[in-house]
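Every value quoted in this text rests on a predicted model; they were computed, and no experiment measured them. To find a chain, count down the sequence lines: A is the first, B the second, and so on, and within it residues start at 1.
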Amino acid sequence: MGKPKLLLIDGNSLAFRAFYALINQVDRFVNHDGLHTNALVGFNNLLDGIVDPFEPDKALVAWDAGKTTFRTNAYDNYKGNRDKTPQELVEQFEPLREMVRLHGITNYELADYEADDIIGTMAHAGVESGYAVTIVTGDRDMRQLVDDDITVWITKKGISEIDKYTPAEVADVYGGLTPKQVIEVKGLQGDPSDNYPGVPGIGEKTAIKLIQEYHDIPELYEQIDMMKKSKRKENLIQYKDDAFLSRDLARIRLDAPVTLDLDDLAYRGIQYQDLIPFYQHLDFKQQLVKLANQGYTITGTQNESNPTVKLNVAPLTANNLAHVEALQDDVDFYVELDGENYHRAAIVGFVIGNQQQGYLASRDLELLSQDTPVKRILENNKIKKNVFNSKETFVALHRYNVDLTGVDFDLLLVSYLLNVNDNSNDLGTIAHEHNYFDVQTDDEVYGKGAKFAIIDNDTDFFEHLGRKAQAIGALKQPLMQKLDEHEQTDLYTEIELPLTFVLAHMEINGITVNAERLLGMQSKLTERLSELEQTIHQQAGHEFNIQSPKQLGVILFEEMGLKPLKKTKTGYSTSVEVLEQMTDVPLVASILQYRQLAKILSTYVDGLLRVIHGSDSKVHTRYLQTLTQTGRLSSIDPNLQNIPVRVEEGRQIRKAFEPQQAGWSLLSADYSQIELRVLAHITNDEKMRQAFINDEDIHAATARRIFGLAEDAVVDSNLRRQAKAVNFGIVYGISEFGLAKNIGTDRKTAKSIIDTYLNEYSGVKKWTEEIILDAREKGYVETIAHRRRYLPDIKAKSFNARSFAERTAMNTPVQGSAADIIKIAMIKMQSVMEQKQLKSKMLLQVHDELIFEVPEDELTLMHKLVPEVMDSAVKLTVPLKVETHEGKTWYDAK
DNA sequence: CGATTCACG
DNA sequence: ACGTACGTGAATCGT
């Protein structure tokens, strides 16, 4: 057996280190009571990472007792230049001690002494009693305590890494000196952070050299007369007192009047049962998940009435289908897929049941898709189903001939509405967010990335599925209650949930893409690109990778000597806005051309060809309904919301999008200026409202106001363009700088334009001020349908973070309300089309635009019907305006 | 896997 | 003195 282990931890130094390591995110680490937790998080990681694996026999965390110590008594200015400890850290000191206690470690502090002195004293007491001592600190000066029985661990990079010092390592760093000589070095060197002087002109390097020669400060001064005449010698003589003072201040005391006995320091190990409520108080979700995975029972803090239910899951077979038949009313259901894209992925298992009667799981898809009780329940509108991601569930089941209906609760969707910041798609992660810990994440169970694999073992697989279904059921009541408290029940039941199934139908229907046309474009583009490539290499004088901004930067800004107008984190920027300003250089013009064509080819031509389904010649996008911060949809795999339109060459891509039947047309319907109309409505600005009520050209009307033109003046295109930029700027949460950059003017002009704008549209001005105050007070902003976005940074100390939050506060109600409106229109449109039994299909949504495929005999009707439904989706104090276009391809529907 | 660039509203 | 327009997704480079 080795010696018993004594662990001494420098609480103050490490708390400061932990606090400042996460100082940039101090406002992100706040618990539900407003307590900052960044230092607590770091300290906890340290305790978990060091103490518990270390298994000490005795352990102590030492703290500073107060502001005054024997050092401040000896030297008035000691630490006199330190800023006051920030309040955000001060409030963490008590909980830090509690955390230490719950980790089974004794806290200690001593009046008039610093934590260092307690540690020094206890370290020596430990050595005398035969302990191997380890000291953990962020303070490099503690290395003076190292000896054969004392090792000092110093955290670096904040607190994530550790350097371990034995006498050999100290000698390495200090040019062969002993740990005790560290004090002598410090004496000569002084310490600016503790505000004590040392000898001027002597830094660490020189100090080490002198101590190597003279061993310590007293000996140095005994022999100082023999030293060669120099400025350094003069300083040493002049500042002799300072040297001795510094040396004294730097020396950690080994004889502090500590009232502790080693027996008081027995390490008690982690106090799990008490640590759980403590972590819950701090909102340490990850720690709680860890504890839950270790088998500790976590009961919800916000939901005491819903204690952990024991899992009851069994394999479903043809023999016990009767148990499924018995399920009524509220049924929890979950399907597992073997991939992300539910248009292609296979169902690999499912589970059905409820908390009272338990769960039945299976891999046998016949039990799902044949005429079984499972299918009957899923297709029964009267039986409420609770699921996680009903769009995925619906689409997947649809491919297995099951028509899911009667979905009442969608955990993913509700969780998103409650807080759009929690953008995880994983059931386990989301459950943990809501303080439910009886389920693991898929990453934990199946592995992530290349390691992903559905588990073979039935027992483990069914348990995971069962826990997922159980989590869905358990979270239904509390989350629905929260929706109600947020006044979001209508948003959920009237908009988001019905929309899910509208989107599912659009995705399943897909849109036809003409592969031949794309292949034609592919060969033409490939040819043009290889010609351009040759030209570019000639213009550059040698070959290089045109697609590498790094290589291009070297050529333009080093070899050719062009002036870099902008830089990025990693080097020169070569983006369009930079290159467009140097198009007189032939190479640059070629590069711009190349980039444009390469983008069209790789992202759109090749990209689309890759995702056309062989079976139906269509692409089936997936709309993400639970991702954006504003309530918009996003579209992936392929993204059909960013098909080129602004530049003709890219716009050609749209010719490949066709209706699914010959003779049909594509019809597009877009809201005109929906965001500005929403702005006029929300701000209730009279002038802006009148402009829309009179169906004026809003950008021209704005130009007349901000440039002081007559009411009937003709507005030239340049002024209109600037006014348009200002209108956009207002929607985005304007800044002088942003506007100046956008319209290419100076900041002063931009400021005066903005001032005039806000003066003219005084309702807008009033609203922007109010919405920021409102966000500060409530912590969130809302859309017209009560979609909510939290803005924790609205009170941030960082100017950047706070400004961003303020612009978001202005933009989100506008962008988000526009999203609400088109979502409502989509639901109504789908319902009207079904009711009228039309053959037309809604295919795509592009934020303010809907695209349909329409048979010849429904064209006239749809041109009338679609705008009617869209412009009456909600009643605002300004009219909504919708324009329609039709054509044989998407390109022609303009 | 982050950074850069560029496509859309 | 700070360093900015809002919201997205995909391809590519290079560590």
Subject >> Any donor-acceptor N/O pair under 3.5 Å between dC13(C) base and K550(A) side chain >> reply: no
Original post:
Are E496(A) and R787(A) close enough for a salt bridge, meaning some N to O gap below 4.0 Å?
Top reply: yes
Original post:
dG9(C), dC6(B), dA7(B): which one has an atom nearest the side-chain heavy atoms of R595(A)?
Top reply: dC6(B)
Original post:
What integer distance in Å separates R651(A):CZ from dC8(B):C1'?
Top reply: 13 Å
Original post:
Closest nucleotide of DNA chain C for N800(A) versus for R807(A): which of these residues is on the 5' side?
Top reply: N800(A)
Original post:
To the nearest Å, how far apart are Q641(A) CD and dA10(C) P?
Top reply: 11 Å
**OP:** Can you figure out which of dG9(B), dG7(C), dT12(C) approaches the side chain of Y732(A) most closely?
**Re:** dG9(B)
Original post:
Expressed in whole Å, how much space separates the C1' atoms belonging to dC6(B) and dC2(C)?
Top reply: 29 Å
Original post:
With a 4.0 Å cut-off on heavy atoms, is Q551(A) in touch with a base, just the backbone sugar-phosphate, or nothing at all?
Top reply: sugar-phosphate
**OP:** Evaluate the ring planes of Y446(A) and F452(A), with Trp represented by its six-membered ring, and classify them as parallel (under 30°), tilted (30 to 60°) or perpendicular (over 60°).
**Re:** perpendicular
Original post:
Under 3.5 Å, is there an N or O donor on one side and an acceptor on the other linking the side chain of S735(A) and the base of dT4(C)?
Top reply: yes
Original post:
Taking the side chain of N639(A) as heavy atoms from C-beta outward, which of dG9(C), dG9(B), dA11(C) is closest to it?
Top reply: dG9(C)
Original post:
Counting side-chain heavy atoms from C-beta on, which of dT5(B), dG9(C), dG7(C) comes nearest to L627(A)?
Top reply: dG9(C)
**OP:** For T628(A) and V420(A), run side-chain contact (heavy atoms from CB on, under 4.5 Å): C-alpha distance rounded to whole Å, both residues' side-chain angles, the deciding distance at 0.1 Å, then the answer.
**Re:** CA-CA 7 Å; T628(A) 70; V420(A) 294; over 6 Å; no
**OP:** Among the candidates dA7(B), dC8(B), dC13(C), find the nucleotide nearest to the side-chain atoms of R646(A).
**Re:** dC8(B)
**OP:** Write down the distance between CD (E806(A)) and C1' (dC6(C)), rounded to a whole number of angstrom.
**Re:** 15 Å
Original post:
Mapping T628(A) and G729(A) to their closest nucleotides on DNA chain C, which lands nearer the 5' end?
Top reply: G729(A)
Original post:
From dC6(B), dG14(C), dT8(C), pick the nucleotide closest to the side chain of V576(A)?
Top reply: dC6(B)
**OP:** Provide the distance between the two P atoms, one in dA5(C) and one in dT5(B), to the nearest whole Å.
**Re:** 14 Å
**OP:** Have a look at D606(A) and say if it touches a base, only the backbone sugar-phosphate, or nothing, with a 4.0 Å heavy-atom cut-off.
**Re:** nothing
Original post:
Under a 4.5 Å cut-off applied to non-hydrogen side-chain atoms, are D685(A) and K765(A) in contact?
Top reply: no
Original post:
How long is the line joining CG of L676(A) and P of dG9(B), in whole Å?
Top reply: 15 Å
Subject >> Options dG9(B), dA10(C), dC8(B), nucleotide nearest the side-chain atoms of P644(A) >> reply: dC8(B)
Original post:
So does Q845(A) get a side-chain nitrogen or oxygen closer than 4.0 Å to the phosphate oxygens (OP1/OP2) of dG9(B)?
Top reply: no
Subject >> Minimum-distance nucleotide (side-chain atoms of R610(A) versus dA11(C), dT8(C), dT5(B)) >> reply: dA11(C)
Original post:
Can a salt bridge be assigned to the pair D606(A) and R610(A) using a cut-off of 4.0 Å between side-chain N and carboxylate O?
Top reply: no
Original post:
To the nearest angstrom, how far is N642(A) atom CG from dA11(C) atom P?
Top reply: 10 Å
**OP:** Could you walk me through whether E675(A) and R632(A) pass the salt bridge (Lys or Arg N to Asp or Glu O under 4.0 Å) test, one step at a time?
**Re:** CA-CA 13 Å; E675(A) 292 195 347; R632(A) 276 187 174 185; 3.5 Å; yes
Subject >> Length of the line joining I591(A):CD1 and dT4(B):P, which is rounded to integer Å >> reply: 18 Å
Original post:
Which part of the nucleic acid, if any, lies within reach of S635(A) when heavy atoms closer than 4.0 Å are counted: base, sugar-phosphate only, or nothing?
Top reply: sugar-phosphate
**OP:** Would you mind reporting whether L552(A) and Y572(A) have side-chain heavy atoms less than 4.5 Å apart?
**Re:** no
Subject >> Under-3.5 Å donor-acceptor pair between Q815(A) side chain and dC6(C) base >> reply: yes
Original post:
Between dC6(C), dA11(C), dA3(B), which one does the side chain of N811(A) approach most closely?
Top reply: dC6(C)
**OP:** Identify whether any heavy atom of I643(A) sits under 4.0 Å from a base atom; if not, whether one sits that close to sugar-phosphate; answer base, sugar-phosphate or nothing.
**Re:** sugar-phosphate
**OP:** Would you indicate what F728(A) reaches in the nucleic acid, counting non-hydrogen atoms under 4.0 angstrom: base, sugar-phosphate, or nothing?
**Re:** nothing
Original post:
With a non-hydrogen cut-off below 4.0 angstrom, is S573(A) in contact with a base, only sugar-phosphate, or nothing?
Top reply: sugar-phosphate
Subject >> Validation row: R807(A), Y732(A) side chains within 4.5 angstrom (heavy atoms) >> reply: no
Original post:
Does F737(A) stack onto the base of dT4(C), taking stacking as ring centres under 5.5 Å apart and planes under 30° apart?
Top reply: yes
**OP:** Could you check how far CD1 of I653(A) sits from P of dC8(B), rounded to whole Å?
**Re:** 11 Å
**OP:** Give A740(A) one of three labels, base, sugar-phosphate or nothing, depending on what nucleic acid heavy atoms sit under 4.0 Å from its own.
**Re:** nothing
Original post:
Could a donor-acceptor pair under 3.5 angstrom be found where the side chain of R789(A) meets the base of dG7(C)?
Top reply: no
Original post:
I636(A) side chain: which of dT4(B), dC8(B), dA10(C) is closest?
Top reply: dA10(C)
Original post:
Can you check the K567(A) NZ to dA3(B) P distance for me, whole Å?
Top reply: 17 Å
Original post:
With pairs taken as Watson-Crick or G-U wobble and both distances under 3.5 angstrom, which stems of at least three consecutive pairs involve DNA chain C?
Top reply: B:1-9 with C:6-14
**OP:** List the steps, then state whether salt bridge (Lys or Arg N to Asp or Glu O under 4.0 Å) holds for R517(A) with E658(A).
**Re:** CA-CA 11 Å; R517(A) 181 173 276 281; E658(A) 302 173 343; 5.4 Å; no
Original post:
Contact class for N742(A) vs. all strands (heavy atom < 4.0 Å): base, sugar-phosphate, or nothing?
Top reply: base
**OP:** May I ask you to say what L624(A) touches in the nucleic acid, namely base, sugar-phosphate or nothing, with a heavy-atom cut-off under 4.0 Å?
**Re:** sugar-phosphate
**OP:** Just say parallel, tilted or perpendicular for the rings of H343(A) and H620(A), cut-offs at 30° and 60°.
**Re:** tilted
Original post:
Contact class for E675(A) vs. all strands (heavy atom < 4.0 Å): base, sugar-phosphate, or nothing?
Top reply: nothing
